[in-house]
Amino acid sequence: MSAVPGRAPVLGLDTLVRFRRGPGPATAPRRLAVPDGMTAPLGCDAVAVPAGLGPQVMPRLPRVGCVYADETHWWWLVPSDSDYALEWPAPAYYATGALVPDSPRAPDLIHRPDGTLPYTPPLPLYLTLCRLTGTAPTWSRPVSA
């Protein structure tokens, strides 16, 4: 690296390859843990919504499984592959493997259902999110040729 008076130093290729894009080091994704005493025979994925939408979703569901929350999102555990043939409406986020991305710590468990299954039924959750976001369910959208 050589410096020219009055100009910024010239960076060599060796220096440039060490730079990273983004604001800083990313944290590893964290998996939402199934509470002790519960089993997840169908595997676990999760559906997240912004924290402001979470309280609107809860009372509209016929059954609520494990729900986790942090400052920015609420997360519902659903059986694996609950995204099959569904486009979850924005701003919902579908997390395969119940992995919470870019979180310094795991969200807190705020609701635990009775029984041993941690799941919220995915279709009522999907339809509730469609209604709250004004999105037509996947199967009712027009098909283009």
Side-chain angles (χ1 to χ4, degrees), residues 1 7-145:
M1 191 162 63
R7 290 191 175 178
V10 177
L11 301 176
L13 187 57
D14 289 338
T15 303
L16 291 174
V17 296
R18 284 186 243 128
F19 282 132
R20 260 185 86 165
R21 287 186 183 167
T27 58
R30 297 181 186 278
R31 188 175 310 276
L32 294 173
V34 174
D36 290 339
M38 300 190 102
T39 61
L42 303 175
C44 276
D45 289 345
V47 177
V49 299
L53 196 57
Q56 297 175 51
V57 173
M58 289 283 278
R60 289 180 163 90
L61 296 173
R63 180 185 187 286
V64 178
C66 289
V67 181
Y68 300 80
D70 59 22
E71 298 80 28
T72 60
H73 292 90
W74 283 31
W75 302 82
W76 279 262
L77 288 185
V78 294
S80 291
D81 299 324
S82 292
D83 61 338
Y84 180 76
L86 294 178
E87 288 179 37
W88 288 82
Y93 171 76
Y94 190 87
T96 303
L99 292 174
V100 179
D102 300 327
S103 177
R105 64 179 187 82
D108 297 319
L109 180 67
I110 62 167
H111 182 269
R112 179 187 171 136
D114 295 331
T116 60
L117 295 177
Y119 306 122
T120 295
L123 287 179
L125 178 59
Y126 174 79
L127 291 171
T128 298
L129 291 174
C130 285
R131 172 160 278 194
L132 289 173
T133 61
T135 305
T138 303
W139 56 80
S140 67
R141 295 181 195 155
V143 178
S144 61

For the residue pair [X] and [Y], establish whether any side-chain heavy-atom pair is separated by less than 4.5 Å.
X      : Y      : answer
Trp74  : Pro107 : no
Trp76  : Met58  : yes
Ser80  : Leu42  : no
Leu117 : Pro41  : yes
Cys66  : Pro113 : yes
Cys44  : Leu32  : no

Measure the [atom1]-[atom2] distance between [X] and [Y] for me, rounded to the nearest 0.5 Å.
X      : Y      : atom1 : atom2 : value
Leu123 : Thr128 : CG    : OG1   : 10.5 Å
Met38  : Thr116 : CE    : OG1   : 6.5 Å
Leu86  : Leu129 : CG    : CG    : 11.0 Å
Tyr119 : Leu125 : OH    : CG    : 14.5 Å

* Can you sort out the partners of Asp36 under salt bridge (charged side-chain N to carboxylate O under 4.0 Å, His left out), two or more places apart, ordered by chain and number? =>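 Per chain and number, Asp36 pairs via salt bridge (charged side-chain N to carboxylate O under 4.0 Å, His left out) with no residue.
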Without swapping roles, check the side chain of [X] against the backbone of [Y] for a donor-acceptor pair under 3.5 Å.
X      : Y      : answer
Arg60  : Leu127 : no
Asp108 : Ile110 : no
Thr120 : Gly65  : yes
Tyr68  : Leu77  : no

For [X] versus [Y], what's the shortest heavy-atom pair and its separation?
X      : Y      : value
Val49  : Ala92  : CG1-CB, 4.2 Å
Thr39  : Val34  : N-CG1, 4.5 Å
Pro89  : Cys130 : CG-N, 3.9 Å
Ser140 : Ala136 : OG-CB, 3.8 Å
Pro91  : Thr133 : CD-CG2, 3.8 Å

* **More than 12 heavy atoms from other groups under 6.0 Å of CZ on Arg112** =>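 Yes, enclosed.
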* What pairs with Ala95 under side-chain contact (heavy atoms from CB on, under 4.5 Å), at least two apart in sequence or on another chain? ->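 By the side-chain contact (heavy atoms from CB on, under 4.5 Å) rule, Ala95 matches Ala46, Trp75, Tyr93.
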* Would you say the side chains of Thr138 and Tyr126 form a donor-acceptor pair under 3.5 Å? ->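 Note: Thr138 and Tyr126 side chains meet the donor-acceptor criterion.
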* **Worked verdict on Asp83 versus Trp88 for side chain to side chain contact (heavy atoms under 4.5 Å, CB included)** => CA-CA 7 Å; Asp83 61 338; Trp88 288 82; 3.9 Å; yes
